[in-house]
K.L.:
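Questions regarding the structure given below will be posed in turn.
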Number of protein chains: 2
Amino acid sequence: MTRGRPIAFSPDEAANAAMQVFWARGYESASTRDLLEAMRLSRSSLYQAFGNKEQLFLEALRRYRESLLARLERRLEAAPSAMGFLEMLFCETAQEAGSERAALGCLIFNSASELGQQDGLPSQHARQSIVAITALFQQAVMRGQAEGDIAPKRNAAALASYLTMGMAGLRTLLKSGATTDQASQAVELLLDGLRR
Amino acid sequence: MTRGRPIAFSPDEAANAAMQVFWARGYESASTRDLLEAMRLSRSSLYQAFGNKEQLFLEALRRYRESLLARLERRLEAAPSAMGFLEMLFCETAQEAGSERAALGCLIFNSASELGQQDGLPSQHARQSIVAITALFQQAVMRGQAEGDIAPKRNAAALASYLTMGMAGLRTLLKSGATTDQASQAVELLLDGLRR
DNA sequence: CCATTTATGGAACGATCATTCCATAAATGG
DNA sequence: CCATTTATGGAATGATCGTTCCATAAATGG
């Protein structure tokens, strides 16, 4: 059925390489040269396989979001308690302070900050990804409330927004060079807000 | 003493116009065309008066920072209580949800997010501006502790980082289209963290 | 092996980027 | 009014942007 020369690269690996570039440089600042070099393919192949820069970004963001959410859902499910999951997540992130990983931040929050309330699909998808993160936090909060670790009187949606705000702020702190102490102390206070 | 033709524009107004452009579009995405149009002067005059784009940005960021800090210090000083000042600040910001003002965000947090841990002066100055904001928060926290409104046992520096994290996160929430309810609920929980 | 189909490398395009330069306009002090 | 100084408008520069196009290489099914 398939005719002609088959592609010589892995679309999967190429998309992941593109994701790394957008993650490190941002949507607009990532040039096609950067992308081609990281993806190790020619201009023709990029446009043939991924359409254009915008579509490539959407694919990269989609992969990042789905990979992140899948990992978080898996960890939440496997965690002895939802509160423990949240503690682990935020404390581990705070521990990244000073590292290259911390300087990268999170592709979703990075993109939301860069693209703001623009009209195009990249901005819309970034914002929708934040909604998805908040939904996952709300799941965790509700389970934590059922388990008795999280204040049951509080509105779960409000606590979820609070956590998204906290993670977004934590990412900004880390990007702007906060120390491990600063980040982990801030996270400790944030997590205290769940208990009472 | 001064000889020759005097400049036909107000350097002060021109710098403020440039600040608006960097605020709305970001450092890299703000083109010299955007800047010239907003500042209403010719290329020659821009380079003559401000050096280049980087120096113009540094001047814009400096103005934004000093104006913001001066306003906040004034409001803190005038406030009946430091806790009241913080409540007012965060609640007012949350109320911006959905507005054009919310979509702009804060030039300092925007720049810190865009420029991350880069080597150049723009990045360094953005990060230093966040340090200055945290210092102001710490002042407010210490006064709030003295006034009995803020948990006296807590480390003031830790609470200050917590507030900077909160404001950074709140700005991200607002940029990504959070509703007034989401933002103000998250802020309420954040402020509760100061009391206990 | 051949005709067909598809991928590939690289040149080329037009647009825009930040910056420089120069001829000219305009205001000055004397 | 003149010589001098500075600001101004706009053209020019070289680089880079995202994208398109085309000739060629490579693999296919028959």
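Letters go in sequence order (proteins before strands), and every chain restarts at 1.
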K.L.:
Considering just the side-chain nitrogens and oxygens of A/S31, establish if one lies under 4.0 Å of OP1 or OP2 belonging to D/dC17.
P.N.:
yes
K.L.:
Name the closest nucleotide to the A/K53 side chain, picking from C/dT8, C/dA18, D/dT19.
P.N.:
D/dT19
K.L.:
Should the ring pair A/F22 and A/F57 be called parallel, tilted or perpendicular, given that the plane angle runs from 0 to 90° and is split at 30 and 60?
P.N.:
perpendicular
K.L.:
Across all strands shown, which nucleotide pairs with D/dT6 by Watson-Crick or G-U wobble geometry, both distances under 3.5 Å?
P.N.:
C/dA25
K.L.:
Rounded to the Å, how far apart are B/Q48 CD and C/dA18 P?
P.N.:
19 Å
K.L.:
Starting at CG of B/L36 and ending at C1' of C/dT19, how long is that distance when rounded to a whole Å?
P.N.:
11 Å
K.L.:
Of B/I133, B/L89, B/V187, B/I130, which meets side-chain contact (heavy atoms from CB on, under 4.5 Å) against B/M167?
P.N.:
B/L89
K.L.:
Whole-Å distance between C/dA26 P and B/F9 CZ?
P.N.:
17 Å
K.L.:
Rounded off to whole Å, could you give me the CG-to-C1' distance for the A/D34 and D/dT16 pair?
P.N.:
11 Å
K.L.:
Calculate the interatomic distance between B/L35 atom CG and C/dT16 atom P; express it in whole Å.
P.N.:
16 Å
K.L.:
Rounded to whole Å, please give me the gap between OH in A/Y47 and C1' in C/dA11.
P.N.:
15 Å
K.L.:
Contact class for B/A8 (heavy atom, under 4.0 Å): base, sugar-phosphate, or nothing?
P.N.:
sugar-phosphate
K.L.:
Looking at D/dT8, I'd like to know if its phosphate oxygens (OP1 or OP2) sit under 4.0 Å from a side-chain N or O belonging to B/S42.
P.N.:
no
K.L.:
May I have the distance from A/M39 (atom CE) to C/dG9 (atom P), rounded to whole angstrom?
P.N.:
13 Å
K.L.:
Within this structure, what is the CG-to-C1' distance between B/L46 and D/dA7, rounded to whole angstrom?
P.N.:
13 Å
K.L.:
For the residue pair A/W23 and A/Y64, does the interplanar ring angle fall in the parallel (under 30°), tilted (30 to 60°) or perpendicular (over 60°) class?
P.N.:
perpendicular
K.L.:
Using purine N1 to pyrimidine N3 plus N6-O4 or O6-N4 for Watson-Crick, or N1-O2 and O6-N3 for G-U wobble, each under 3.5 Å, what pairs with D/dG30?
P.N.:
C/dC1
K.L.:
Looking at B/F109, does the NZ or CZ of A/K175 lie under 6.0 angstrom from its six-membered ring centre and within 45 degrees of the ring axis?
P.N.:
no
K.L.:
Who does D/dT16 pair with, Watson-Crick or G-U, both distances under 3.5 Å?
P.N.:
C/dA15
K.L.:
Between C/dT20, D/dT19, C/dA7, spot the one nearest the side chain of A/R43, thanks.
P.N.:
D/dT19
K.L.:
For a quick test of reading the model: is some side-chain N or O of B/T32 closer than 4.0 Å to OP1 or OP2 of C/dA18?
P.N.:
yes
K.L.:
Within the structure shown, what part of the strands sits under 4.0 Å from A/R33 by heavy-atom distance: base, sugar-phosphate, or nothing?
P.N.:
sugar-phosphate
K.L.:
Go nucleotide by nucleotide along DNA chain D from the 5' end; which of A/E54 and B/I7 gets its closest nucleotide reached first?
P.N.:
B/I7
K.L.:
Please state whether the phosphate of D/dT8, meaning OP1 or OP2, lies under 4.0 angstrom from any side-chain nitrogen or oxygen of B/S45.
P.N.:
yes
K.L.:
Does A/S29 form a side-chain hydrogen bond (donor to acceptor under 3.5 Å, both in side chains) with B/E28? I'd like the steps, not just the answer.
P.N.:
CA-CA 8 Å; A/S29 289; B/E28 299 223 300; 2.5 Å; yes
